[in-house]
There are 2 protein chains.
Amino acid sequence: MSLVFKALSDPTRRRVLELLKSGPMSAGELAGHFTVAKPTLSAHFAVLREARLITSEKSGNSVIYQIQMSVLEEALLGFAQAFGWQLNTPETPTPETPIKAPRP
Amino acid sequence: MSLVFKALSDPTRRRVLELLKSGPMSAGELAGHFTVAKPTLSAHFAVLREARLITSEKSGNSVIYQIQMSVLEEALLGFAQAFGWQLNTPETPTPETPIKAPRP
DNA sequence: ACTCTATTTCGATGTTTAGCTAAATACAAA
DNA sequence: TTTGTATTTAGCTAAACATCGAAATAGAGT
């Protein structure tokens, strides 16, 4: 959990996650959205990977990064619960308050 | 937002927030819950104060710390929204899915 | 095999962090 | 005013971090 929050404490890394939210993307493509040097960005990738927030996969001569939403969810959920809060993700609606299936 | 996440990236600081969740507490009282030296803890307080997650107030010869839930909420809410998530706090139930007031 | 492109590793540098002990400060109480 | 308690500041070390340019690596295509 500390690793996740540490990863989230940098704007560049949060932006990377946001970009990956739309779908997997190569390191180079990601780099196009930032002004920092590629080695710097590569280090950011490493931090995100260390926190298991992203996974990498080689494809040809480029590296495709993919977000791990479940890890992000779990960390935020865990923290929110400690404060009596409730986190609803689109994929995981809370059983107690179902949106669909209105009672007839 | 970065400051908040940075503050949350340390277990001791998260624990401090949890303790303060139950109500304001003096620095000494808080220190009783940790094994780290008091100056170290004081530095943690400074980080939390910098992120505006806590406020301090002198009372007699002790300092009372108080959590600022709104700041925590705002940061987490802002982040959750960027990911299409929804954060429900007890004080701020979402209008779209009211728990109380079932339709007759 | 060579070359081009993409990405990471390496090495250097400056900044930040967590932790400590010892000293300073602030206030209360005697 | 002196004493005692609570908290912070000062000064330090060791470890971690951010950033860069340059070099190394991996694969694709010729």
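Lettering of chains follows the sequences in order, A, B, ..., and the numbering in each one begins at 1. Values in this document were obtained by computation on a predicted structure and should not be read as measured data.
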Sorted by number, residues from residues 15-29 of chain B placing a heavy atom under 4.0 Å from DNA chain C are none
note: B/I64, atom CD1; D/dT8, atom P; distance rounded to Å ~ 11 Å
Residue set satisfying side-chain contact (heavy atoms from CB on, under 4.5 Å) with B/E50, at least two apart, ordered chain then number -> B/L3
B/N61 atom CG is separated from D/dT8 atom C1', nearest whole Å, by 13 Å
Within a 6.0 Å radius of atom CD on A/E74, are there more than 12 heavy atoms belonging to other residues, nucleotides or ligands? no
Under a 4.5 Å side-chain heavy-atom rule over Ile, Leu, Val, Met, Phe, Trp and Tyr, are A/I54 and B/F5 clustered together? yes
Practice task
Please state whether the phosphate of D/dC17, meaning OP1 or OP2, lies under 4.0 angstrom from any side-chain nitrogen or oxygen of A/K6.
Solution key: yes
To the nearest 0.5 Å, atom CE of B/M69 lies from atom CG of B/L53 at 10.5 Å
Is a side-chain donor or acceptor of A/S59 paired with a backbone partner of A/S62 at a separation under 3.5 angstrom?
no
**Crowding at CZ, A/R52 (>12 non-hydrogen neighbours, <6.0 Å)** = no
B/E57 atom CD is separated from D/dT8 atom P, nearest whole Å, by 13 Å
Worksheet entry | pair A/P11-B/S2: side-chain heavy atoms closer than 4.5 Å | yes
Would you please confirm or rule out a distance under 4.0 Å between OP1 or OP2 of D/dA18 and any side-chain N or O of A/R13? yes
Would you say that B/R13 contacts B/F45 through its side chain, given a criterion of any heavy-atom pair below 4.5 Å between the two side chains? no
Outer limits of DNA chain C sitting under 4.0 Å from a non-hydrogen atom of chain A, read 5' to 3', are C/dT5 to C/dT9
Sorted by chain and residue number, the side-chain contact (heavy atoms from CB on, under 4.5 Å) partners of B/L77 (sequence neighbours excluded) come out as B/Q81, B/L87
In numerical order, the residues of residues 31-48 of chain B whose heavy atoms come under 4.0 Å of DNA chain C are B/V36, B/A37, B/P39, B/T40, B/H44
Sorted by chain and residue number, the side-chain contact (heavy atoms from CB on, under 4.5 Å) partners of B/S56 (sequence neighbours excluded) come out as B/R49, B/V63, B/Y65
The reported gap from CG in B/L17 to CD in B/Q68 (rounded to nearest 0.5 angstrom) is 11.0 Å
